[in-house]
> 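One structure coming up, written as structure tokens, with questions to follow.
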Protein chains: 2
Amino acid sequence: MQPLDILPYLGKLQDYYTRERIVPSTTRLSLLWNVKARSWTHRIVQRLKEERFLENAPGGRARPGPRFFERTVGPMVRAGLPQQAADVQPELLRIDDYLIENPSRTILFPIKGDSMIDLGILEGDMVIIERANTASTGQVVLAIVDNEFTLKVLAQDKGGYYLEARNERKNQDYPPIRPEQKLEIYGLYVGLIRKTHVPGHRLSASR
Amino acid sequence: MQPLDILPYLGKLQDYYTRERIVPSTTRLSLLWNVKARSWTHRIVQRLKEERFLENAPGGRARPGPRFFERTVGPMVRAGLPQQAADVQPELLRIDDYLIENPSRTILFPIKGDSMIDLGILEGDMVIIERANTASTGQVVLAIVDNEFTLKVLAQDKGGYYLEARNERKNQDYPPIRPEQKLEIYGLYVGLIRKTHVPGHRLSASR
DNA sequence: TTGAATAAAGAACGATTGTTCTCTATAATT
DNA sequence: AATTATAGAGAACAATCGTTCTTTATTCAA
């Protein structure tokens, strides 16, 4: 790590960027960082560029660099039995790169209903779909049935291909879908993102 | 639609933005759009702002507006098909932007175990945790109990605060956790990302 | 044919930009 | 105590910025 500790500056800039979706001018960065001299702000920006958190955009402006969107990954959390909070060195991960391998063939599809709840796909989630025309049985596919998109498991029996829901509790609500005419595969389920709505009000929890 | 056809300009700007991840100055926009006069470029930018394709960022600069990432006409739009599948393009919008609100206070944690399966949190998922020292009951928290990380629902009764699992089927495997000494909140569960392993081999599925 | 929108260019403005250079505190090291 | 590197401030510069005002070409309906 360089002598100058740029991480606090980086953190504030990252927060600013997610708020405003822009890397501001040196003048505004000075305000954000509580730096009086624009020259010093300029120096910090240079360090951030050296570390590839920022880079030069055409026109002399700065934009996020490759490392700007790196997120720290904590130690494994045993959601079952608790696990030692071992101090493993923090890993870094870029969410977009992690989830999306072929940007041009990938779309996001919002989920309605609970027919796939057994696979951990809830209403309001966004599934990541990679375009494909074919699939194999057992795969989760986004299919077009009767002019509507639906996310189901592709299955096959003597009657041909059909689509299955994955909801044990409400299985009778989701009978297998056997297409009238054609079963058209739109893409494959390759991932999922979920944003939870956290209530703003917070109470203390120490005891 | 306004008389001035701004869509060709918007298209070029979207392409530029995908490449450079920045909305350039009027001067550079003039070059991009083959417009001789910066004043005219400025007028087009104004129209784009009126239509909310662009908006003002602090400092008088322009940034993408709410409609910038809208897919105008998809390549595969079919009569009758709901547009919902194609309304967000990962090429233009970073998933990261969608999920992370406070980068400097956000950490990802990989999940092991199935104690939170009823909330759609599966083994191998990564939960997005926003650091916080306090939480309210009912919230999903990443807590440190007896020096160990665990993701659970914060609950409270006459005995004080405790942690609940969410797995109906294996409830007996996950009894409520009552901390010996202290229940320390590390952060709040604000989102989740999942990458599924898709078998590479693909068979045809038309019939 | 006239007249009004519209599309585009040109000129000019003060403000802000990124950058550089010089100077001064503060902290660490010798 | 002296030295040296770091952290920060201040001033100054030309270039570029967003913006406004004015002028010219083009289109198209009346």
Side-chain angles (χ1 to χ4, degrees), chain A residues 1-69, chain B residues 1-69 72 104:
Chain A
M1 186 62 58
Q2 299 285 72
L4 173 59
D5 186 16
I6 55 177
L7 290 186
Y9 298 108
L10 176 63
K12 284 185 184 175
L13 177 54
Q14 284 172 325
D15 289 349
Y16 182 94
Y17 186 87
T18 48
R19 249 185 297 124
E20 305 290 352
R21 295 197 302 289
I22 201 172
V23 178
S25 68
T26 44
T27 309
R28 300 192 98 82
L29 273 177
S30 303
L31 258 67
L32 178 68
W33 287 340
N34 281 320
V35 169
K36 305 286 181 303
R38 257 160 65 227
S39 59
W40 185 243
T41 301
H42 183 249
R43 169 60 43 102
I44 299 169
V45 168
Q46 279 193 125
R47 293 285 174 87
L48 288 172
K49 285 177 183 171
E50 283 170 14
E51 299 284 337
R52 312 228 297 156
F53 290 116
L54 290 178
E55 61 186 23
N56 288 315
R61 294 177 176 178
R63 68 173 168 210
R67 297 187 60 195
F68 192 84
F69 299 102
Chain B
M1 184 63 56
Q2 299 284 75
L4 173 60
D5 186 18
I6 54 178
L7 289 186
Y9 298 107
L10 175 63
K12 283 185 185 176
L13 177 54
Q14 284 172 326
D15 290 348
Y16 182 93
Y17 188 86
T18 312
R19 251 184 295 126
E20 305 289 352
R21 297 221 163 271
I22 201 173
V23 177
S25 68
T26 43
T27 309
R28 298 193 99 81
L29 272 176
S30 303
L31 259 67
L32 178 69
W33 287 340
N34 281 318
V35 169
K36 305 285 182 305
R38 254 160 67 229
S39 59
W40 185 241
T41 302
H42 183 249
R43 168 61 43 101
I44 299 170
V45 169
Q46 278 194 126
R47 293 284 173 86
L48 288 172
K49 286 178 182 171
E50 284 170 13
E51 299 283 336
R52 314 234 297 155
F53 291 116
L54 292 178
E55 61 186 23
N56 287 314
R61 294 175 176 180
R63 68 177 168 207
R67 295 185 61 195
F68 189 84
F69 302 104
T72 46
S104 64

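Just so it is clear: chains get the letters A, B, ... in the order the sequence lines come, proteins before strands, and each one is counted from 1. Predicted model, so just to flag it, every value in this text is computed and none were measured.
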> Asp5(A) has an atom CG; how far is it from atom P of dA27(C), in whole Å?
16 Å
> Grab the N/O contacts between the protein and nucleotides 17-21 of chain C below 3.5 Å, and write none if there aren't any.
| residue | atom | partner | partner atom | Å |
| --- | --- | --- | --- | --- |
| dT17(C) | OP1 | Ser25(A) | OG | 2.5 |
| dT17(C) | OP2 | Thr27(A) | OG1 | 2.4 |
| dT17(C) | O3' | Arg61(B) | NH2 | 3.2 |
| dG18(C) | OP1 | Arg61(B) | NH2 | 3.3 |
| dG18(C) | OP2 | Thr26(A) | N | 2.7 |
| dG18(C) | OP2 | Thr26(A) | OG1 | 2.4 |
| dG18(C) | N7 | Arg38(A) | NH2 | 2.7 |
| dG18(C) | O6 | Arg38(A) | NH2 | 2.7 |
| dT19(C) | OP2 | His42(A) | NE2 | 2.8 |
| dT19(C) | O5' | His42(A) | NE2 | 3.3 |

> Got a donor-acceptor contact below 3.5 angstrom from the Arg63(B) side chain to the Glu20(A) backbone?
yes
> Side chain to side chain contact (heavy atoms under 4.5 Å, CB included) between Gln46(B) and His42(B): does it pass, once the steps are laid out?
CA-CA 6 Å; Gln46(B) 278 194 126; His42(B) 183 249; 4.0 Å; yes
> Just the rounded figure in Å: distance from C1' of dA7(C) to CD1 of Ile44(B).
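Rounding to the nearest Å, CD1 of Ile44(B) and C1' of dA7(C) are 9 Å apart.
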> Let me know the distance between CH2 of Trp33(B) and P of dA7(C), rounded to the nearest Å.
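Distance check: Trp33(B) CH2 to dA7(C) P gives 14 Å.
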> Can you measure from CG (Leu48(B)) to CZ (Phe68(B)) and round to the nearest 0.5 angstrom?
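These two atoms lie 9.0 Å from each other.
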> How long is the line joining CZ of Arg43(A) and P of dA7(D), in whole Å?
10 Å
> Go through the steps to decide whether Thr26(A) and Thr41(A) satisfy the test side chain to side chain donor-acceptor pair (under 3.5 Å), and finish with yes or no.
CA-CA 6 Å; Thr26(A) 44; Thr41(A) 301; over 6 Å; no
> Test Leu13(A) against Phe53(A) for side chain to side chain contact (heavy atoms under 4.5 Å, CB included), laying out the working first.
CA-CA 10 Å; Leu13(A) 177 54; Phe53(A) 290 116; over 6 Å; no
> Are Val35(B) and Tyr9(B) packed together at the side-chain level, in the sense that at least one heavy-atom pair is separated by less than 4.5 angstrom?
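Yes; the side chains approach each other to less than 4.5 Å.
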> Any side-chain N or O of Tyr9(A) less than 4.0 Å from the OP1 or OP2 oxygen of dA7(D)?
no
> Could you write out each protein N or O paired with an N or O of nucleotides 23-26 of chain C at a distance under 3.5 Å?
none

> Report the C-alpha distance between Val23(A) and Val45(A) in whole Å, list the side-chain angles of each, state the deciding distance to 0.1 Å, and finish with yes or no for side chain to side chain contact (heavy atoms under 4.5 Å, CB included).
CA-CA 11 Å; Val23(A) 178; Val45(A) 168; over 6 Å; no
> Does Arg52(B) have more than 12 heavy atoms from other residues, nucleotides or ligands lying within 6.0 Å of its CZ?
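No, because the 6.0 Å sphere around CZ of Arg52(B) holds 12 heavy atoms or fewer from other groups.
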